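Notes for the one structure printed next.
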Amino acid sequence: MNSELDNIYATANSQVADFVFDKKVAGVFNDMIRRSVPGYGQIINTIGDFAKSFVTENSNIYDLGCSLGSATLSIRRQIEQRNCKIIAVDNSESMIQRCNENLSAYVSDTQVELICGDIRDIAFENASMVVLNFTLQFLPVADRNALITSIYQGLLPGGILVLSEKLRFEDETIQQLLDKHHLDFKRANGYSELEISQKRSALENVMRPDTLTHHTKRFTECGFSHSSVWFQCFNFASMVAVK
Ligand SMILES: C[S@@+](CC[C@H](N)C(=O)[O-])C[C@H]1O[C@@H](n2cnc3c(N)ncnc32)[C@H](O)[C@@H]1O
Ligand SMILES: O=C(O)C(=O)C[C@]1(C(=O)O)C=C[C@@H](O)C=C1
């Protein structure tokens, strides 16, 4: 996947603007997310593995907040089930444009419908798999239950939701410990203290992580009777919920 090096926060700004998924971010996003989220590559590959075992023929797969299409590409690489459609949605025009280019670079029998729109407006139907890979944390907290409920209702029996998120911890000692190790991961990937602190300010009002307890409670409240974390590295986790 084509990506420039992320140096968006490398020069000092007197006022750091709120983080947006604009053209500049879309251009460096592959590099940004790999250097910022521990385990991202493994999560993307495993989403493809889950698709292989959970997707059923003649069903829909939703990739919500698809960005450059990494999860969609992983799913498309892995599934052999016939007559499936992937519906990939993002409300950033720049992401959708680049995603379209990335998808066009590979041939596949699985149709992908790319939608530039809000994931809160999607009517889910006939779904065997839904992916929310680091997207729910950007929705207003008040809108999260309605989205997960609507996903649950659109899933077929036995269908799977994969939800990856940055986590927040009630226990301040654990919060600080995992946060420190996440920042060390960013440093080891070449981000400077300035880049780390400016990005942190940019994300402050935009990304609101929930605790694991909150995610688990939400799954139950929205109808899911089976859910678990399948991956965690520091303060980043990926969960599965099965209908
Ligand atoms: C961290 S990125 C997701 C990464 C991507 N899923 C992946 O695996 O590479 C979050 C994405 O969600 C999109 N997004 C945020 N809120 C959205 C909304 N309400 N509707 C649609 N897309 C949204 C952003 O534009 C951004 O591309
Ligand atoms: O928490 C951070 O420091 C991050 O950079 C995380 C995160 C994410 O989880 O989506 C935030 C914004 C970018 O999309 C890439 C990574």
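Please read all numbers here as calculations on a predicted model, not as lab measurements.
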| query | Which atom names give the shortest non-hydrogen contact between Leu194 and Ala12, and what distance separates them? | reply | CD2-N, 3.6 Å

| message | Can a donor-acceptor pair be found, under 3.5 Å and without considering hydrogens, that links the side chain of Asp22 to the backbone of Val25? | response | yes

| Donor-acceptor pair between Tyr9 and Ser197 side chains, under 3.5 angstrom | no

| query | Does atom CD of Glu80 have more than 12 heavy-atom neighbours, drawn from other residues, nucleotides or ligands, at distances under 6.0 Å? | reply | no

| request: Return yes if some donor-acceptor pair links the side-chain N/O of Ser74 with the main-chain N/O of Ser70 below 3.5 Å, else return no. | output: no

| query | If we ignore angles and hydrogens, is there a donor and acceptor under 3.5 Å between the side chains of Asn133 and Tyr40? | reply | no

| task | Kindly check if the number of other-residue, nucleotide or ligand heavy atoms within 6.0 Å of CZ (Arg200) is above 12? | result | no

| said: Contact between Leu167 and Pro209 at the side-chain level, heavy atoms closer than 4.5 Å - yes or no? | reply: no

| request: May I ask you to test the Ile148-Leu132 pair for a side-chain heavy-atom distance under 4.5 Å? | output: yes

| task | Check whether any side-chain N or O of Asp6 sits under 3.5 Å from a backbone N or O of Ile8 as a donor-acceptor pair, and report yes or no. | result | yes

| message | Which heavy atom of Cys84 sits nearest to which heavy atom of Asn58, and what is that distance? | response | SG-N, 4.2 Å

| task | To the nearest 0.5 angstrom, please state how far the NE2 atom of His226 sits from the CD1 atom of Ile160. | result | 11.5 Å

| Relative to Tyr152, does Lys243 satisfy both conditions: NZ or CZ under 6.0 angstrom from the six-membered ring centre, and within 45 degrees of the ring's axis? | yes

| note | On a heavy-atom basis, the closest approach of Leu136 and Arg144 is O-NE, 3.3 Å

| Expected output: side-chain Ser150 to main-chain Ala146 donor-acceptor under 3.5 Å | no

| field | Within-4.5 Å side-chain heavy-atom neighbours: Ile47 and Met129 | value | yes

| said: Can you tell me if Asp109 has over 12 outside heavy atoms packed within less than 6.0 Å of its CG? | reply: no

| said: With a 4.5 Å cut-off on side-chain heavy atoms, are Phe231 and Ile43 touching? | reply: yes

| Is the backbone of Ser36 close enough, under 3.5 Å, to the side chain of His182 for a donor and an acceptor to pair up by distance? | yes

| query | With a 4.5 Å heavy-atom cut-off, do Lys199 and Met32 have their side chains touching? | reply | yes

| query | Taking all non-hydrogen atoms of both residues, which atom of Leu178 and which atom of Asn235 are closest, and how far apart? | reply | O-OD1, 4.0 Å

| task | Look only at the side chain of Asn13 and the backbone of Gln15, and say whether a donor-acceptor pair between them is shorter than 3.5 Å. | result | no

| request: Could you tell me whether a side-chain N or O of Asn189 sits under 3.5 Å from a main-chain N or O of Phe185, the two making a donor and an acceptor? | output: yes

| Is any side-chain heavy atom of Gln81 less than 4.5 Å from a side-chain heavy atom of Thr56? | no

| message | Taking CD in Glu221 as the centre, count heavy atoms belonging to other residues, nucleotides or ligands within less than 6.0 Å. Is the count above 12? | response | yes

| field | Intermediate values then yes/no, salt bridge (Lys or Arg N to Asp or Glu O under 4.0 Å), Lys52 and Asp49 | value | CA-CA 5 Å; Lys52 203 170 176 177; Asp49 295 336; over 6 Å; no

| query | Ignoring hydrogens and geometry, is there a side-chain-to-backbone donor-acceptor pair from Gln175 to Phe169 under 3.5 Å? | reply | yes

| Distance only, no hydrogens: is a donor on one side chain within 3.5 Å (strictly under) of an acceptor on the other, for Glu195 and Ser192? | yes

| Using a distance-only test with no angle check, is there a side-chain donor-acceptor pair under 3.5 angstrom linking Arg98 and Asn102? | no

| request: Indicate, with yes or no, if the rings of Phe21 and Phe138 have centres closer together than 6.0 Å. | output: yes

| said: So for atom CD, which belongs to Gln232, do other residues, nucleotides or ligands contribute more than 12 heavy atoms lying within a distance under 6.0 Å? | reply: yes

| request: Establish, yes or no, whether a centroid distance under 6.0 Å links the rings of Tyr62 and Phe124. | output: yes

| field | Derivation and outcome, salt bridge (Lys or Arg N to Asp or Glu O under 4.0 Å), residues Lys23 and Glu93 | value | CA-CA 8 Å; Lys23 195 171 173 193; Glu93 267 182 41; over 6 Å; no

| said: Could you report the tightest heavy-atom contact between Thr149 and Cys222, atom names first, then the distance? | reply: OG1-SG, 3.3 Å

| query | Are the side chains of Leu64 and Val130 in touch, meaning some heavy atoms are under 4.5 Å apart? | reply | yes

